[in-house]
Amino acid sequence: MMDVSGKNLIVFILTVFALTGCKEPEMQLSTLGKKLPAPSLKGNSPFEQDFDAQNYARVQGSCDSRVGTILVSFDKSIWHQPPSSPDLTDTALAAGLANDSDCSDGSFDIYLTKNDLQNIWGITTGSSGSDVDYIYIKGSSVIGDTETLTLVDGDANTPGNGSNSGAAAVVVLEKSWPRGFAGSNQCGSFSVFLNTENGQRAIHSADVTFQLSKSAGGSTYSGITAYKTWSDCQSDTNTTDTFTIPATAGYTEIYYRFPSTPIDGTLSFKVINTSALRASTTAADVTLRNSEASSSYRWLALDEHISQIYKNICYPFRLRSNNYNNSSAYDQFGGTLDVAASDARLKFYSDASCGTVTSSYTFSSYNPVITGYIKFSDATSSDTMTSVSVSVTGATGNSYSYDTLPLNFRVDMSSKSIAAKLDLWGPRDIGNGYCNAYNVVTMNANGTMLPVNGDLTVNLATQESNLGQFFTDESCSTPATTAIVAKNTALKKVYFRAAAANAGTYHFNVNAAGLTNHMPIMNISTPAVQFKLAPFDMQAGACKPLSIGVADAAGIFRIATQSHATTVSIGLSPDPGANVVFTDPNCSSPFAGSTVTISSGMGAAVLYIQTAGMAGKTLNVTVYGSGGLSGTSLTGTLQ
């Protein structure tokens, strides 16, 4: 047992996944149950500082720039934001020193002083009865709290061993969003990660392989297939039953295509046959619903989730009803939802001015979204955040049964009532060529969304050049370089479509005069999704190459990362009556058959067409879709 004094500290940097863009267009801004990575420590750890002599410890760290405020706990139960002005009593720190617990610039710098520890967290330093072994640090973001950075007293139960060590010990499984539910004949994902004995995220020095058992009603269930990637699941290729958490990664995501027939009961998934560590005995139970649009089951989600709100401000509260095929329930024929909050200060309203209190909302016919309003009323100010849980249930007499999990909100109780910075909310991981929805957001210094006092012009760009384009519409057809956040609002929806020459990590550059700006990261991937024909010279008179390659959704040719075989049909009309397609540049070896292969590591497969004497004939080329890639075609008249 250690007090907060000069001791060695083991810091576990928890490697977890970041927000990904959702697979279904309707769900672009949903969280999928994922969390941002934990903050990381830089500088000396608190346990390495002489707290007894100086009556404070300084904690500096890095964090994802989408994180708002840093929260600290000593028991993983009671969390507080460090005060903006630390209590400097009995310290030699300069008067006027401020805590920087705002992560919008990618870092934080806070002082944990003797008086603050006692008055805020209830810890009396130097007292054996109040010794601590852990300091927990996490951030609050628009998609919920981040993973937790766990600082461990290095002498507690001998560093590196036992329940207080940071060594990975358990392989844990969780069903991704919507947690606990899935649709028949749909692809769904599971998160698999490593935990320490005391439940903290961890990494392992070597790969950890594992399998999953599946059961229904206590009996083994085999009517389900697994995949390593989302695209494999969608195209029903490359099934597998063995998975790997890479060394030092601590996490992987796996995919299942659920049975086409709903199960009368639940499917239970468990980790088994681990190559190292211990499998968690806790099952991930999944209720399998009918995914047909006519099904009476719906699942509910917050649309464009606002998880952190400011006291006494009226915020929109949007609930989306979804079919279990992950599409919005546009066949919605009414339906009423009851709403309730765990804190009576949070109330629900039917109007945008938050004047009429309500406890229920009703879907309009053929509209999958309910828009209500919420406001947390309180006259006090403090540097803490208050948490509120909201439950949503289907009222009696509905045509549908609604599934949902509790919705959690954090309330900013501070006096920071002015919009001071700008952010861009939306998917971090995006694919070239896809149209992605984002929200330009104005916030206070704590990262809480706040409306602007007048129309605000926002410049839309990327830090690096030639990465893509912003648009005003969901089809990404009307380009834009600016957006207006209207007076008394805090959100403006925009769209971005990447067209990067290469995959990589890049940055948005969204800025406005008078506000603190930062450049959110975007990870652009360039997966091959289609076969593509290189431009063909339609001038008749020679042996000409016809190149068939793979391209991403932006139409940019890519090097194949795996072998792709596909069927090709090539014809000329009127029929010339002789071989015209060949495999060599001299047009001497006729192309037999109809299959071409683009080998892994190659850019294209090449055939050759003899166009001598073919002026006036129509060339038709069709490359059929295969292996999850779409096809392509070419039609033209030789000149």
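- When all heavy atoms of Thr146 and Pro39 are compared, the closest pair comes out as OG1-CD, 3.7 Å.
- Between His507 and Glu464, the closest side-chain pair of non-hydrogen atoms falls below 4.5 Å.
- For the side chain to side chain contact (heavy atoms under 4.5 Å, CB included) test, no residue two or more places apart in sequence or in another chain qualifies with Ile559.
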Asn432 and Arg558: CA distance, side-chain angles, deciding distance, side-chain contact (heavy atoms from CB on, under 4.5 Å) verdict:
CA-CA 11 Å; Asn432 242 23; Arg558 298 297 173 190; 3.3 Å; yes
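- Residue Pro46 comes nearest to Leu151 through the heavy atom pair CD-CD1, 3.9 Å, listed as atom of the first residue, atom of the second, then distance.
- Panel note: side chain Gln49, backbone Phe51; no donor-acceptor pair is recorded below 3.5 Å.
- With 3.5 Å as the limit, one finds a donor-acceptor pair spanning the side chains of Ser275 and Thr209.
- Atom NZ of Lys175 is separated from atom OH of Tyr256 by 12.5 Å, given to the nearest 0.5 angstrom.
- Closest heavy-atom contact between Ala419 and Thr442: CB-CB, 4.2 Å.
- The ring of Phe508 has its center closer than 6.0 angstrom to the ring center of Tyr438.
- Put simply, CE on Met443 and CG on Asp423 are 4.0 Å apart, with the number rounded to the nearest 0.5 Å.
- In the model, Thr448 has a side-chain atom that pairs as donor or acceptor with a side-chain atom of Gln308 under 3.5 Å.
- Closest non-hydrogen pair, Phe269 versus Leu212, comes out as CD2-CD1, 4.4 Å.
- Between the side chain of Ser280 and the backbone N or O of Thr282 there is at least one donor-acceptor pair closer than 3.5 Å.
- Side-chain contact between Ile110 and Val72 is present, with heavy atoms from C-beta onward closer than 4.5 Å.
- Checked against side-chain hydrogen bond (donor to acceptor under 3.5 Å, both in side chains), Ser525 has no partners two or more places apart in sequence or in another chain.
- Judged purely by atom type and a 3.5 angstrom limit, Asn99 has no side-chain atom pairing as donor or acceptor with the backbone of Ser101.
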Where do Val171 and Leu194 land on the side-chain contact (heavy atoms from CB on, under 4.5 Å) test, with the steps shown first?
CA-CA 5 Å; Val171 183; Leu194 305 181; 3.8 Å; yes
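- The residue from Pro86, Pro82, Pro83 that alone fulfils the side-chain contact (heavy atoms from CB on, under 4.5 Å) condition with Thr113 is Pro86.
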Could you walk me through whether Arg410 and Leu71 satisfy the side-chain contact (heavy atoms from CB on, under 4.5 Å) test, starting with their C-alpha distance in whole Å, then the side-chain angles of each, then the deciding distance to 0.1 Å, before giving a yes or no?
CA-CA 12 Å; Arg410 188 175 296 278; Leu71 305 171; 3.5 Å; yes
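- Listed by chain and residue number, nothing satisfies the side-chain hydrogen bond (donor to acceptor under 3.5 Å, both in side chains) test with Ser415 (two or more places apart in sequence, or in another chain).
- Residues passing the side-chain hydrogen bond (donor to acceptor under 3.5 Å, both in side chains) test with Asn511 are Asn459, Asn509, sequence neighbours excluded.
- Without hydrogens or angle criteria, Asn444 side chain to Lys416 main chain gives a donor-acceptor distance under 3.5 Å.
- With no hydrogens or angles considered, a side-chain donor-acceptor pair links Asn446 and Asp412 at under 3.5 Å.
- Residues forming a salt bridge (Lys or Arg N to Asp or Glu O under 4.0 Å) with Asp102 (at least two apart in sequence, or on another chain): Lys421.
- Summarising the geometry of Leu467 relative to Ile524, their closest heavy-atom pair is O-CD1, 4.4 Å, with the distance given to 0.1 Å.
- A distance-only check finds a donor-acceptor pair linking the side chain of Asn517 to the backbone of Leu515 [under 3.5 Å].
- Listed for the Thr526 side chain is no donor-acceptor partner under 3.5 Å among the backbone atoms of Asp552.
- The closest side-chain heavy-atom distance from Leu277 to His204 is below 4.5 Å.
- Between the CG atom in Leu173 and the CZ atom in Phe243 there is a gap of 10.0 Å [rounded to 0.5 Å].
- Looking at heavy atoms from C-beta onward, Leu117 lies in side-chain contact with Phe74 at the 4.5 angstrom threshold.
- Judged by distance alone, the side chain of Tyr310 and the main-chain N or O of Phe376 form no donor-acceptor pair under 3.5 Å.
- Taking CE of Met522 as the start and CZ of Phe496 as the end, the distance is 4.0 Å to the nearest 0.5 Å.
- The line from CD of Gln234 to SG of Cys187 is 4.0 Å long, rounded to the nearest 0.5 Å.
- Taking the side chain as every heavy atom from C-beta outward, Asn408 and Ser307 never approach each other to under 4.5 Å.
- With hydrogens and angles left out, the side-chain atoms of Lys311 and Ser381 include a donor and acceptor closer than 3.5 Å.
- The shortest non-hydrogen separation linking Ala341 to Leu346 is CB-O, 3.7 Å.
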Passes side-chain contact (heavy atoms from CB on, under 4.5 Å), Arg58 versus Asp109? Steps please.
CA-CA 7 Å; Arg58 186 180 186 183; Asp109 188 354; 2.5 Å; yes
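- Distance alone, capped at 3.5 Å, is enough to place a donor-acceptor pair between the Asn436 side chain and the Tyr434 backbone.
- The OH atom of Tyr56 lies 9.0 Å from the CG atom of Leu97; values are rounded to the nearest 0.5 Å.
- Asp116 contributes a side-chain N or O that, together with a main-chain N or O of Asp87, makes up a donor-acceptor pair within less than 3.5 Å.
- The closest donor-acceptor contact from the side chain of Thr244 to the backbone of Pro246 lies at 3.5 Å or more, if one exists at all.
- Between Phe108 and Val67 there is no side-chain heavy-atom pair separated by less than 4.5 Å.
- Taking the six-membered ring for Trp and thresholds of 30 and 60 degrees, Trp121 and His80 have ring planes more than 60 degrees apart, a perpendicular arrangement.
- Applying the salt bridge (Lys or Arg N to Asp or Glu O under 4.0 Å) criterion to Asp378, with sequence neighbours excluded, gives Arg345.
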